[in-house]
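Okay, so here's the structure we're looking at.
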Amino acid sequence: CSERRMFMQQGKIITLSGISGIGKSYLKSFILSHNPDMQSLISVTTRKRRANEVDGIDKFFFTLEEFKKADYMGELCVINQVFDNWYAYKKSQVDLCDTGVSLITELFYKNVVEFKNDFKNTITVYILPNDIERTIKELHARNLDKSDLTRRIKDIEDELEYFFKHRELFDIVVRNDYTVSTCALLQTLLMQKIRGA
């Protein structure tokens, strides 16, 4: 968000990317539970809240008017549009890195380049499917409306193609088999990266 922040940040920002249904939220929760000093970097979105989501914990749910106002007031950064909805981050939360706090967030794969350019202390993670059919089942279990579900499934091929063409953008890559072993592996790799960075 500002050049000053890029050079003063002490904490790390960990981004988790991967196709819809791959388990980014679950992995993020696991990492947070094993790193009490780390905080969730919560995105702001204009998409509708799902039944199991809590405003201010899973995401900050804004109306389009609220989002536009916050943007106009200069309160948001890394603004992007995904599946017809707007996403961003609150600058005030990103500023926590200046105090040494590390943050973790889910990030749409096409925004990794912009994020790494804005925040030099970013550690980027990509989560690959171990079984693509299992991932699609996870999507179906979300009870999305038909058009949203179709769009997300269609995007899977494009996203995986993007990943393999731009593998160098990601510091860590893991395959998710939806077991605790994937969580533990990611935890280990992140700690190695943080300590070695």
Do Thr150 and Ile153 have side chains that approach each other closer than 4.5 Å (heavy atoms only, starting at C-beta)? no
Same cluster (ILVMFWY, side-chain, under 4.5 Å), Val180 and Tyr178: yes
Counting only heavy atoms not in Glu114, do more than 12 sit closer than 6.0 Å to its CD atom? yes
Taking atom CG of Asp131 and atom CG of Asn176, what is their separation to the nearest 0.5 Å? 11.0 Å
Shared ILVMFWY cluster between Leu64 and Ile79, side chains joined below 4.5 angstrom? yes
Test side chain to side chain donor-acceptor pair (under 3.5 Å) on Thr122 and Thr124 and set out the steps. CA-CA 6 Å; Thr122 297; Thr124 52; over 6 Å; no
Any donor-acceptor pair under 3.5 Å linking the side-chain atoms of Glu106 with those of Ser25? yes
Any side-chain heavy-atom pair of Thr135 and Leu139 under 4.5 Å: no
Just how far is it from atom CD1 of Ile19 to atom CG of Leu160, taken to the nearest 0.5 Å? 5.0 Å
Between the side chains of Asp148 and Arg152, is the shortest nitrogen-to-carboxylate-oxygen separation below 4.0 Å, so that they form an ion pair? yes
Sole residue of Leu190, Val101, Ile104 in side chain to side chain contact (heavy atoms under 4.5 Å, CB included) with Met38: Ile104
Chi angles and distances behind the side-chain contact (heavy atoms from CB on, under 4.5 Å) call for Asp118, Cys77: CA-CA 9 Å; Asp118 283 353; Cys77 60; 5.9 Å; no
Whether Asp71 side chain and Phe67 backbone form a donor-acceptor pair below 3.5 Å: no
Set out, in order, the CA-CA distance, both residues' side-chain angles and the distance that settles side-chain contact (heavy atoms from CB on, under 4.5 Å) for Val113 and Asn117, then state yes or no. CA-CA 6 Å; Val113 173; Asn117 286 339; 3.6 Å; yes
CA sep, side-chain torsions, deciding dist, call: His34, Met191, side-chain contact (heavy atoms from CB on, under 4.5 Å): CA-CA 11 Å; His34 286 73; Met191 292 306 102; over 6 Å; no
For residues Ile31 and Cys183, report the shortest heavy-atom separation together with the two atoms involved. CD1-O, 4.4 Å
When you group the ILVMFWY residues by side-chain heavy-atom contacts below 4.5 Å and let the links chain together, are Trp86 and Tyr72 in the same group? no
In terms of hydrophobic clustering (I, L, V, M, F, W, Y; side-chain heavy atoms under 4.5 Å; direct or indirect links), are Ile57 and Phe60 co-clustered? no
Taking atom CD of Glu159 and atom CG of Leu128, what is their separation to the nearest 0.5 Å? 9.5 Å
Check Gln93 against Ile42 and note the closest heavy-atom contact, atom names and distance. OE1-N, 3.1 Å
Pairs satisfying ring-ring contact (aromatic ring centres under 6.0 Å, His included), at least one member in residues 142-163, at least two apart: Tyr109-Tyr162, Tyr126-Phe163, Tyr162-His166, Phe163-Phe170
Supply the atom-to-atom distance Leu41 CG to Ile13 CD1, rounded to the nearest 0.5 angstrom. 6.0 Å
Check: Asn111 and Tyr87 side chains under 4.5 Å, non-hydrogen atoms: no
Between Phe119 and Tyr89, is there a side-chain heavy-atom distance shorter than 4.5 Å? no
Could you state the interatomic distance from CD1 (Ile14) to NZ (Lys193), rounded to the nearest 0.5 Å? 11.5 Å
Indicate yes or no for a side-chain donor-acceptor contact from Ser17 to the backbone of Leu107 under 3.5 Å, with no hydrogens or angles considered. yes
For the residue pair Arg50 and Asp58, establish whether any side-chain heavy-atom pair is separated by less than 4.5 Å. no
Minimum heavy-atom separation for Lys28 to Ser40, with atom names? NZ-OG, 3.1 Å
Output field: ring centroids Phe30/Tyr26 closer than 6.0 Å: no
The test is salt bridge (Lys or Arg N to Asp or Glu O under 4.0 Å); show your working for Glu133 and Lys137 and say whether it passes. CA-CA 6 Å; Glu133 294 304 319; Lys137 285 182 181 179; over 6 Å; no
Are Glu65 and Lys69 close enough for a salt bridge, meaning some N to O gap below 4.0 Å? no
Write down the atom of Ile22, the atom of Pro129, and the distance for their closest heavy-atom approach. CD1-CA, 3.3 Å
How many angstroms lie between NZ in Lys48 and CZ in Phe61, if you round to the nearest 0.5 Å? 12.5 Å
Run Leu189 and Gln192 through side-chain contact (heavy atoms from CB on, under 4.5 Å) and show every step you take. CA-CA 5 Å; Leu189 293 174; Gln192 289 174 349; 3.8 Å; yes
Considering only residues two or more places apart or on different chains, which pairs with a residue in residues 168-177 satisfy salt bridge (charged side-chain N to carboxylate O under 4.0 Å, His left out)? Lys116-Asp171
Are any of the side-chain heavy atoms of Ile136 and Ile156 separated by less than 4.5 Å? yes
